[in-house]
Amino acid sequence: MKQITAVIRPQRMAPVRDALLRAGVHGMTLSEVTGFGRQGGSVEEYQGVQYKVDYVSKMRIEVVVTDSIVEEAVAAIKAAAQSGAIGDGKIWVTPVEEVHRIRTGERDDDALT
Amino acid sequence: MKQITAVIRPQRMAPVRDALLRAGVHGMTLSEVTGFGRQGGSVEEYQGVQYKVDYVSKMRIEVVVTDSIVEEAVAAIKAAAQSGAIGDGKIWVTPVEEVHRIRTGERDDDALT
Amino acid sequence: MKQITAVIRPQRMAPVRDALLRAGVHGMTLSEVTGFGRQGGSVEEYQGVQYKVDYVSKMRIEVVVTDSIVEEAVAAIKAAAQSGAIGDGKIWVTPVEEVHRIRTGERDDDALT
Amino acid sequence: MEYNPVYLDIVWTLLAAFLVFLMQAGFAMLEAGATRAKNAANIIMKNVMDVSIGSLVFWLVGFGFMFGANPSGWIGTDNFMVSGADPSTEDGLVTFSFFIFQTVFAATAATIISGAVSERTKFGAYLLYTVAITGFIYPIFGSWVWGGGWLAELGFIDFAGSTVVHSVGAWAALAGAIIVGPRIGKFGRDGKPRAIPGHSITLMALGVFILWFGWFGFNAGSTVSGNTGAIATIAVTTNLAAAAGAVGAMGLSYFLWKRFDASMTLNGVIGGLVGITAGTASVGPGSAVIIGGIGGVVVVGAVIFIERILKVDDPIGAIAAHGFAGAWGTFAVGLFAQGAYGTSSDMGAVNGLLFGGGVEQLGYQAVGVIACFAFVFPTSFVIFKIIDMVMGMRASDEDQIRGLDISEHEAAGYPDFAPSVGAAFSGTTPEGGGPPTEPSTAPAGGSS
Amino acid sequence: MEYNPVYLDIVWTLLAAFLVFLMQAGFAMLEAGATRAKNAANIIMKNVMDVSIGSLVFWLVGFGFMFGANPSGWIGTDNFMVSGADPSTEDGLVTFSFFIFQTVFAATAATIISGAVSERTKFGAYLLYTVAITGFIYPIFGSWVWGGGWLAELGFIDFAGSTVVHSVGAWAALAGAIIVGPRIGKFGRDGKPRAIPGHSITLMALGVFILWFGWFGFNAGSTVSGNTGAIATIAVTTNLAAAAGAVGAMGLSYFLWKRFDASMTLNGVIGGLVGITAGTASVGPGSAVIIGGIGGVVVVGAVIFIERILKVDDPIGAIAAHGFAGAWGTFAVGLFAQGAYGTSSDMGAVNGLLFGGGVEQLGYQAVGVIACFAFVFPTSFVIFKIIDMVMGMRASDEDQIRGLDISEHEAAGYPDFAPSVGAAFSGTTPEGGGPPTEPSTAPAGGSS
Amino acid sequence: MEYNPVYLDIVWTLLAAFLVFLMQAGFAMLEAGATRAKNAANIIMKNVMDVSIGSLVFWLVGFGFMFGANPSGWIGTDNFMVSGADPSTEDGLVTFSFFIFQTVFAATAATIISGAVSERTKFGAYLLYTVAITGFIYPIFGSWVWGGGWLAELGFIDFAGSTVVHSVGAWAALAGAIIVGPRIGKFGRDGKPRAIPGHSITLMALGVFILWFGWFGFNAGSTVSGNTGAIATIAVTTNLAAAAGAVGAMGLSYFLWKRFDASMTLNGVIGGLVGITAGTASVGPGSAVIIGGIGGVVVVGAVIFIERILKVDDPIGAIAAHGFAGAWGTFAVGLFAQGAYGTSSDMGAVNGLLFGGGVEQLGYQAVGVIACFAFVFPTSFVIFKIIDMVMGMRASDEDQIRGLDISEHEAAGYPDFAPSVGAAFSGTTPEGGGPPTEPSTAPAGGSS
Ligand SMILES: Nc1ncnc2c1ncn2[C@@H]1O[C@H](COP(=O)(O)OP(=O)(O)O)[C@@H](O)[C@H]1O
Ligand SMILES: Nc1ncnc2c1ncn2[C@@H]1O[C@H](COP(=O)(O)OP(=O)(O)O)[C@@H](O)[C@H]1O
Ligand SMILES: Nc1ncnc2c1ncn2[C@@H]1O[C@H](COP(=O)(O)OP(=O)(O)O)[C@@H](O)[C@H]1O
């Protein structure tokens with residue numbers, strides 16, 4: 001099994017979730033994060049002093065999947081999250097050794113269905 | 001060493017923490033996350049329009065442990081977080097190559113004691 | 001490629017970010033987390049009842065880097081985040097199998113430049 | 001010192017005006033609380049600027065159009081910039097006190113709109129319309145009723161402005177909401193409305209309490225005289241109607257959805273208050289309870305009607321509360337008026353249909369209600385249309401998603417708090433196939 | 001126009017009533033701020049509905065029981081629905097102004113309870129009790145003191161309601177808090193209280209400032225006459241007592257815990273205000289400082305007493321501030337009253353023990369304080385018990401953990417903000433072994 | 001009852017005093033909203049305690065210094081603890097009403113400082129200075145103008161305190177802000193200011209609306225008489241100036257930065273209000289618009305000046321709004337006064353330069369403005385310096401980073417909400433090389 005971590009634009013959250021569900025994923029875990037990167041962040045203004053908010057709001061998706069659908073899931077995220085402008089985000093894949101479903105005690109692939 | 005990631009119900013946070021400490025873990029990192037899964041989320045109401053909040057509030061635990069206590073730690077979480085109802089959450093284990101304690105510069109297993 | 005995860009004091013966030021950028025990292029993802037560990041947490045007071053907040057506010061940095069700069073990046077974080085007092089935090093390194101830049105579709109090391 | 005009743009009149013009128021002024025804070029908090037955190041600075045700025053620009057414009061031209069000499073019965077023609085008030089005479093000073101009272105009324109009519117068009121209207125466009133309503137729309141209609149114009153002549157009764165203030169604001173808001181269109185994500189592909197909850201129930205409640213407080217000044221102050229005991233019955237009917245509005249709205253929403261809906265209940269308070277405003281000086285406590293209670297019910301019904309039938313997006317329910325409940329309250333004078341109350345408040349010994357009067361008064365009330373809609377809605381529609389054509393009213397989808405605080409004011413409203421994941425979903429359009437909520441759980445559920 | 005002093009009386013009484021009304025906003029903000037975010041909509045709804053239902057019920061029956069003809073000295077018997085007030089007579093209009101003033105007082109007594117039973121009481125049960133207190137409990141006790149009943153006859157002095165309003169609300173709250181039981185997680189297995197901090201210090205402070213403001217109307221308005229200079233000394237003593245209450249509470253908490261405790265200080269303001277309310281028209285500025293300062297001290301002590309000795313959970317300290325400080329303030333009249341002040345305010349030339357009077361007045365005050373507790377606490381206990389048996393007062397543990405906003409109103413109070421991790425720990429029961437906090441760090445520390 | 005005009009005077013003065021009191025809530029919300037969440041409890045406590053301690057100290061000594069018999073023209077010498085007011089005489093009661101009005105004025109002067117020194121000043125040190133300003137600084141300067149002292153003799157006009165209250169507070173704040181130094185992270189190594197945004201735009205706006213509301217009492221109440229129509233023109237000029245201040249500040253910030261700056265606009269309202277305060281009873285509506293509009297412009301300019309030229313850190317812009325706009329408004333009386341207005345309000349038939357008067361009045365105004373700065377700034381500087389030497393004014397860097405809520409009050413202001421990542425960056429010093437923001441993106445951009 002693999003963990004796919006994706007950092008995307010918040011406004012793409014809804015389509016990405018739908019795309020992942022279509023790709024056969026049955027669950028995922030989301031968090032609000034803050035990203036640094038090429039994307040410049042916004043210049044805000046407070047009482048006449050400009051200040052650069054060089055961090056931008058992003059959404060982080062963590063999804064553990066069985067090996068066979070990794071590729072499809074990554075492709076689904078990429079397609080749904082892409083706008084083409086700087087700041088679309090990153091996806092990375094890491095190995096997972098065990099998965100447990102707490103409720104039933106099911107393990108590994110069974111825990112992911 | 002391994003990283004154990006668990007996504008659980010927020011109201012189970014206190015017992016899970018206690019169980020982990022008893023299992024020999026000396027630290028952990030928590031974050032509020034939002035989960036999608038089988039659990040339906042709640043139907044809320046705003047000015048007469050129903051809307052389905054199909055995401056639910058979860059707590060994410062990240063704990064890095066030495067190999068020898070992985071099994072015990074996973075079991076501890078499972079026991080303390082289980083309610084038997086849909087939405088209890090997932091636990092997964094991933095490999096860790098190095099660990100450093102920033103304060104002392106200790107490495108790997110030493111950094112975890 | 002590796003993922004470096006660091007949990008540090010929030011007030012060290014600015015110098016750590018700067019140190020990482022100098023170490024050749026081009027992006028990172030941050031989140032507010034809550035840590036348990038040796039550091040005691042603060043004792044707060046509410047209407048005369050003391051209560052121990054035994055969790056402390058921390059910042060979590062997630063950065064995916066190419067293998068060649070892992071060491072440098074870890075060292076950079078360590079140096080910038082260290083205060084010497086209990087609670088400085090942990091750094092750990094996990095393997096990454098693929099990385100994608102959503103905007104361009106670039107993969108792996110190319111996605112990290 | 002010799003006794004002069006005028007001083008108590010001025011003291012009363014001013015204090016009432018101050019209370020009405022505070023309603024601006026009430027509207028600001030209610031509207032901010034009922035919309036999303038990412039638009040908080042924007043709605044705040046709209047509320048601050050409509051009372052500011054409104055005060056200036058009403059002074060410049062509005063007051064003259066509304067209360068200047070009105071030979072035609074259709075518009076006032078002098079006293080611009082309160083030029084007729086001489087500070088060295090008693091009359092002049094009374095005029096100044098009357099003017100400040102009227103200024104805060106004009107600002108109230110203006111601010112009603114900000115809520116209905118919130119979260120997607122450009123700031124500049126909104127300010128332009130504020131000029132139009134405080135300078136022209138509101139004063140012109142007002143002159144017909146309170147400036148001695150044709151509706152006053154006819155016998156139309158609207159003591160404190162269910163129609164003159166609240167419906168004027170609401171019908172203008174309706175025109176604005178139609179032209180600017182719904183917020184992105186408000187209506188799904190299927191045309192069904194999605195709920196977009198506001199970001200702070202405590203601010204909403206604070207706003208409503210402040211409005212309720214200010215409304216005592218709004219209604220009782222409309223005597224512009226402290227030398228009358230009628231202000232006591234006005235205060236009583238105002239309070240009972242507000243209370244009944246809350247009960248009515250909560251009751252209906254409990255009946256419909258089996259839950260105690262907080263935002264509907266708060267809107268019910270407003271509905272009760274708007275409802276009693278026209279007849280507050282003409283009806284008794286029992287009637288006030290009925291008028292207010294129905295006002296609360298009307299708000300719930302109208303929110304549903306506007307959203308599901310008209311398919312108009314009014315984020316805070318302003319059109320329902322100020323327009324529909326205002327129309328109801330104005331009619332209700334023709335039903336519930338009692339001579340004894342009207343006499344004590346100088347509104348005339350009118351009896352409504354239920355108290356032995358004829359249908360006559362009901363007819364006058366209907367004329368007033370219709371005249372208001374017939375004048376305000378089309379005029380505002382045209383003005384908004386022109387503003388839209390000239391400078392564009394609607395913020396881009398991208399700006400709506402980022403929030404107007406960043407796009408218009410380049411400053412977040414709450415930089416120290418982490419946004420919730422839910423905030424990122426709230427009111428975004430489904431870009432994948434199908435409606436956004438159902439399928440996400442169905443497959444997961446189905447495949448398990 | 002001929003001079004008629006009644007108009008200034010009405011103007012004053014109404015404006016004071018409006019200020020007292022705004023105290024509802026103050027209570028709502030204070031209570032919401034002092035409780036958790038997940039119950040914000042619920043506490044808001046309770047505050048909106050107690051003033052709404054209270055206004056209606058007090059109009060229907062309460063006013064009659066309190067101020068109707070009272071031949072027995074124990075309960076009023078007519079003037080229900082203010083039926084005795086004829087809007088065409090001056091007297092009738094004065095009655096209406098008196099009625100609105102009394103209505104907002106009744107609503108104040110009711111709303112005190114909502115804070116003490118917050119975060120675990122079902123909405124429907126709360127509303128039922130609101131009917132009981134505004135319709136019966138408060139009016140009946142009130143009739144003994146302000147309706148010309150036996151306590152008034154006796155010579156008991158409670159000018160603006162330290163006992164009549166505040167203690168009545170507080171003793172009812174005590175009964176409610178006992179029956180509904182503590183919030184889940186409030187007391188550990190060891191019986192020791194855990195702190196459950198509120199979610200917004202700014203809302204708490206806003207609430208307290210609004211209460212302080214409204215209290216000027218509460219106390220000075222209780223003359224129900226503007227034609228008396230006594231309102232000036234009342235305003236002065238009210239303000240000084242509030243200020244001294246803050247200093248007293250902050251001082252004691254600094255002495256006890258070496259920190260400037262914000263919520264205690266805010267509660268101290270309330271304690272000072274409640275304390276001065278009975279004697280505000282009978283004492284001088286210096287006495288007001290002492291009464292208020294001790295009031296603040298009493299609140300801190302009573303919060304500790306209620307939580308640690310009585311083991312009753314009162315999330316906002318309402319019982320301490322309104323009950324204990326109210327009792328203190330009522331007694332204090334017997335100590336600090338000065339004839340010169342009481343004379344100017346028509347409260348009689350009573351001198352307290354410290355100003356050359358005897359212990360007599362102190363005795364009357366004690367009788368009043370005891371009568372209040374002896375009537376209100378058991379009656380309320382029985383009523384709450386019945387409500388509990390019939391429909392259940394206490395929200396389930398699961399609902400308390402999710403928050404009443406979801407379980408009762410199906411809407412989150414702050415959907416746009418991410419909850420903190422700490423919020424998930426706040427007030428949950430220890431389910432693992434031992435108390436929840438100590439062991440979590442001890443082993444970590446020990447093994448290092 | 002025989003007619004006695006005094007009662008309307010007392011009623012008016014008291015109600016105005018209540019409104020002024022509520023300004024404390026306004027300041028508290030504005031200051032809390034404009035600073036960071038981690039210091040919310042601290043700023044709240046400072047606001048609660050300055051009005052509390054201020055009320056007590058002003059009663060003890062301040063009132064005597066300000067309004068006691070003043071033979072020298074430089075300081076009052078009796079009437080401490082309002083000892084001269086006999087509650088059994090009409091005069092005594094009038095004095096009490098005057099006293100409460102003056103008390104809330106003193107508290108206003110005190111609270112201005114809390115914002116300017118916020119987020120890094122220790123609580124104890126702040127309280128000490130509160131004693132100094134309400135007991136000595138403010139009363140002494142006040143005695144020169146309102147206590148019949150030498151500035152009053154000279155002919156200096158400051159009707160409601162642009163200088164006496166607002167500038168006194170602001171110049172003291174300037175001294176405090178200099179001595180306590182800027183917040184950590186406010187100025188970069190390059191000396192350039194960094195923005196540290198406040199945590200809640202809605203609280204800021206609420207505060208400003210409440211202040212605007214309270215200001216009606218502040219200005220119109222300064223007649224301390226209800227038996228004058230001048231209060232009507234005062235209310236009108238107050239409102240128009242506030243409105244124009246918003247427009248002026250928003251206009252200038254739009255001109256400078258092409259955006260509708262929310263916090264500047266809100267500050268502009270304050271600037272307009274402070275500006276009109278001196279001349280509110282002497283100028284007409286048109287002049288009020290100009291004075292207020294320029295007041296708004298002055299605030300924007302002064303914020304920039306203070307931050308970039310003086311390099312003083314004033315988190316909420318209090319020095320700009322109360323000091324600079326106050327000076328402007330005081331001068332403006334010499335330009336815009338019109339005899340007709342001044343006559344009706346008993347401020348004398350003074351004409352300003354633009355209305356046919358000479359430069360004389362302008363000279364008097366200048367003397368007053370300069371005297372204020374020359375007395376208040378150095379005295380406060382010395383007092384703050386002594387406080388700093390004795391107990392230390394400045395919170396440690398670590399405490400500033402954790403927030404004063406934890407370090408001084410051991411309680412978080414908003415425990416249920418997750419802090420944003422941005423909050424961790426806000427106002428921390430660059431510890432790595434170079435300025436903290438630019439390089440972070442430059443290399444990333446450069447290497448791509
Ligand atoms: N090396 C990295 N490790 C972890 N997260 C990263 C990394 N680089 C970028 N990110 C995340 O991806 C987001 C988008 O990256 P950015 O460089 O701004 O745009 P793009 O991916 O389009 O080039 C960043 O805001 C950050 O959250
Ligand atoms: N494949 C997954 N990857 C990551 N997190 C998941 C995954 N599936 C479920 N989760 C997390 O686990 C939580 C519980 O899952 P759910 O399917 O609702 O119940 P259960 O685990 O009892 O079957 C979800 O809310 C989500 O946060
Ligand atoms: N085993 C662990 N797994 C994950 N995070 C940990 C672990 N141990 C500690 N942490 C994180 O590191 C932070 C600091 O650890 P702590 O033990 O308090 O101090 P130190 O690292 O200086 O010994 C904790 O607050 C927690 O967030």
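Just so it is clear, the structure is predicted and the values come from calculations on it, not from any experiment. We use all heavy atoms of the structure for the numbers below, so side chains are in, but hydrogens, waters and symmetry mates are not. So that the names make sense, note that chain A is the first sequence line, chain B the second, and so on, each numbered from 1.
Of the atoms belonging to D:Ala28, it is side-chain heavy atoms, and not backbone ones, that fall under 4.5 Å from chain F. Both the backbone and the side chain of D:Asn47 come within contact range of chain F, each with at least one heavy atom under 4.5 Å from a heavy atom of that chain. Only the side chain of F:Val269 comes within contact range of chain D, with at least one heavy atom under 4.5 Å from a heavy atom of that chain. Contacts of F:Tyr3 with chain D are made by side-chain atoms alone, with heavy-atom separations under 4.5 Å and no backbone atom involved. Residue contact with chain F, scored on non-hydrogen atoms closer than 4.5 Å, involves the side chain of D:Ala32 exclusively. Heavy atoms closer than 4.5 Å to chain D are found in the side chain of F:Leu15, but not in its backbone. Only the backbone of F:Ala230 comes within contact range of chain D, with heavy atoms under 4.5 Å apart. Within the 4.5 angstrom heavy-atom criterion, only side-chain atoms of D:Phe99, from C-beta onward, approach chain F. Looking at F:Leu203, neither its backbone nor its side chain comes within 4.5 Å of chain D, counting heavy atoms on both sides. Contacts between F:Val236 and chain D at a heavy-atom distance below 4.5 Å involve backbone atoms as well as side-chain atoms. Residue contact with chain F, scored on non-hydrogen atoms closer than 4.5 Å, is absent for D:Thr89. Both the backbone and the side chain of D:Phe18 have a heavy atom closer than 4.5 Å to some heavy atom of chain F. Neither the backbone nor the side chain of D:Glu90 comes within contact range of chain F, judged by heavy atoms closer than 4.5 Å. Neither the backbone nor the side chain of F:Thr343 has a heavy atom closer than 4.5 Å to any heavy atom of chain D. Using a 4.5 Å cut-off between heavy atoms, D:Met81 makes no contact with chain F at all. The part of F:Thr228 that comes within reach of chain D is its backbone (N, CA, C, O), which places non-hydrogen atoms under 4.5 angstrom from that chain. Residue contact with chain F, scored on non-hydrogen atoms closer than 4.5 Å, involves the backbone and the side chain of D:Leu19 alike.
In this structure the side chain of D:Phe21 reaches within 4.5 angstrom of the side chain of D:Val51, judged on heavy atoms.
The distance from atom OG1 of F:Thr280 to atom CD1 of F:Ile231, rounded to the nearest 0.5 Å, is 11.5 Å. Note that CD1 of D:Ile44 and CG of F:Leu266 are 8.0 Å apart. Values are rounded to the nearest 0.5 Å. Between the CD1 atom of D:Ile43 and the OG1 atom of D:Thr35 there is a distance of 5.0 Å, given to the nearest 0.5 Å.
Between F:Phe209 and F:Phe213, a ring centre-to-centre spacing not shorter than 6.0 Å is recorded. Ring centers of F:Phe260 and F:Tyr254: under 6.0 Å apart, within the cut-off.
Counting only distance, with no hydrogens or angles, the side chain of F:Asn42 and the backbone of F:Asp405 share no donor-acceptor pair below 3.5 Å. Judged by distance alone, the side chain of F:Ser287 and the main-chain N or O of F:Val283 form no donor-acceptor pair under 3.5 Å.
Comparing D:Ser97, D:Gly413, D:Gly92 by how many heavy-atom pairs each has under 4.5 Å with chain F, the most go to D:Gly413. Between chain D and the options F:Gly214, F:Ala262, F:Gly339, heavy-atom pairs under 4.5 Å are most frequent for F:Ala262. Between chain D and the residues F:Leu8, F:Asn4, F:Val11, the most heavy-atom pairs under 4.5 angstrom are made by F:Leu8. In terms of heavy-atom pairs under 4.5 Å with chain D, the best-connected choice from F:Ser200, F:Ala205, F:Gly286, F:Gly217 is F:Ser200. Most heavy-atom pairs under 4.5 Å with chain D: of the set F:Pro5, F:Gly272, F:Gly245, F:Ala235, this distinction falls to F:Ala235. Put simply, of F:Ile210, F:Val247, F:Thr238, the one with the most heavy-atom pairs under 4.5 Å next to chain D is F:Val247. Note: D:Leu14 leads D:Asp86, D:Val94, D:Ile10, D:Leu14 in heavy-atom pairs under 4.5 Å with chain F.
Side-chain contact of D:Ser225 with D:Asp9: a donor-acceptor pair under 3.5 Å is present, judged by distance alone.
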Yes or no on ring-ring contact (aromatic ring centres under 6.0 Å, His included) for D:Phe105 and D:Tyr138, after CA distance, side-chain angles and deciding distance?
CA-CA 10 Å; D:Phe105 265 56; D:Tyr138 167 75; 7.9 Å; no
Where do D:Asp50 and D:Thr130 land on the side-chain hydrogen bond (donor to acceptor under 3.5 Å, both in side chains) test, with the steps shown first?
CA-CA 6 Å; D:Asp50 62 31; D:Thr130 293; 5.2 Å; no
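No salt bridge links D:Lys122 with D:Glu408; every basic N to acidic carboxylate O contact stays at or beyond 4.0 Å.
The aromatic rings of F:Phe417 and D:Phe417 sit perpendicular, their planes meeting at an angle over 60°, well past the 30° parallel limit.
Cation-pi geometry between F:Lys258 and F:Phe255 is satisfied (NZ or CZ under 6.0 Å from the ring centre, within 45° of the ring normal).
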